[in-house]
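It should be emphasised that the depicted structure is a prediction, and the values quoted were computed from it without experimental measurement. Computed from heavy atoms alone, side chains included, the values below leave out hydrogens, waters and symmetry copies.
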Amino acid sequence: MFSRIVAVTLLFSTAMTAHAACPDIEGQLMQGGLVYGEVAPGSAVTLDGKPLTVLADGTFFAGFGRNNAATAELVVEGESACTETLAIASREYRISRVEGVPQKTVTPSEEHLERIRRERALVREAKGQRLEREDLLLGALAGFEWPATGRISGVYGSQRVYNGTPGNPHYGVDVAVPTGTPVYAPTAGVVTLAEDDLFYSGGTVILDHGYGLSSSFLHMSKLHVTVGQELKTGDLLGEVGATGRATGPHLDWRMSWRDQRVDPQLLVPAMPAQ
């Protein structure tokens, strides 16, 4: 799984006993990274005191947010108990200045703020679902494909300044391609949100990969899926657009694990040459 991603060296806790073998961690041990490992089936695993999902075969996984601390404590209880301190690499984020967006999306009116609150509740509900589908999650851990290919115009973690006004960090990867360009499922999942006109993100689809891991696809001009629909890798889900807070056509692909935003670009191969 994740054969395209190089495993990162771990910093072992001095509290670990000599005979206890902690699991190998694969993925990216860095801010925005997603990692996974395997323990004996039936084990309990926590990260900084919070329980992680452990699948029937012993697979567990976790994600790290944009500003994650420099270390995280992994504890395994069960057949091979151990404690390990993971070193989480920090990242430097660029400042991205975006001019020409609709001013109403920079300083929304009270009416628009009420709409924004309603829409955020819809998104939280969609992301808050805990679809217990081991087949979907294991497929996701096996690797992702680009939902669209083209010039990368925005990256994860960058600080956005809209029309001179600082906004929230950008949590996705932007692919600048013409309106109407197909958007495909990067891995299998179930659609939990399909809205064609959200205030900030315009045409938006959320695809649940199981156990709190989901992808979001923003600013689309057309949606080709409905809530509850199950997609396989490569299935058409929509078309690129410039809806919501956007200055030109592009796909904004984001990923979340529980309440953490992870970097989709860490989970795919290099963008093919255009």
Please work out which of the three classes, parallel, tilted or perpendicular, describes the rings of W253 and W146, given edges at 30° and 60°. perpendicular

Criterion salt bridge (Lys or Arg N to Asp or Glu O under 4.0 Å) on R117 and E110, from CA distance to verdict: CA-CA 11 Å; R117 285 190 283 268; E110 184 56 44; 3.0 Å; yes

As a test of understanding, state which of V35, L47, T83, T46 forms a side-chain contact (heavy atoms from CB on, under 4.5 Å) with L74. L47

Enter the distance from Q265:CD to L267:CG here, rounded to the nearest 0.5 Å. 10.0 Å

Is D135 paired with R133 through a side-chain N to carboxylate O contact shorter than 4.0 Å? yes

For the student: nearest non-hydrogen atoms of T233 and P186, plus distance: CG2-O, 3.7 Å

What is the ring orientation for Y156 with Y171, classed by angle as parallel under 30°, tilted 30 to 60°, or perpendicular over 60°? perpendicular

Salt bridge or not for R254 and D174, using N-O below 4.0 Å? no

L131 and side-chain contact (heavy atoms from CB on, under 4.5 Å): which single residue from D208, T192, L137 fits? D208

So, H209 and S215: side-chain donor and acceptor under 3.5 Å apart, yes or no? yes

Answer yes if V205 and L218 sit in the same cluster of Ile, Leu, Val, Met, Phe, Trp and Tyr residues linked by side chain heavy atoms under 4.5 Å apart, and no otherwise. no

Quick one: do the K127 and S214 side chains pair a donor with an acceptor below 3.5 Å? no

Electrostatic pair R91:D263 at N-O distance under 4.0 angstrom: yes

Decide whether L136 and L207 are clustered together by the hydrophobic rule: side chain heavy atoms of Ile, Leu, Val, Met, Phe, Trp, Tyr closer than 4.5 Å, transitively. no

Less than 6.0 Å separating the ring centroids of F199 and H112? yes

Do L223 and L122 belong together in a cluster built from hydrophobic side chains that touch within less than 4.5 Å? no

May I ask whether V155 and F144 are part of the same hydrophobic cluster, defined by side-chain heavy atoms of I, L, V, M, F, W, Y residues being less than 4.5 angstrom apart, directly or through others? yes

Measure across S43 and A40 and return the closest heavy-atom pair with its distance rounded to 0.1 Å. OG-O, 2.7 Å

Charged N to carboxylate O below 4.0 Å: is that the case for R115 and E195? no

Between E119 and R124, is there a salt bridge with N-O shorter than 4.0 Å? no

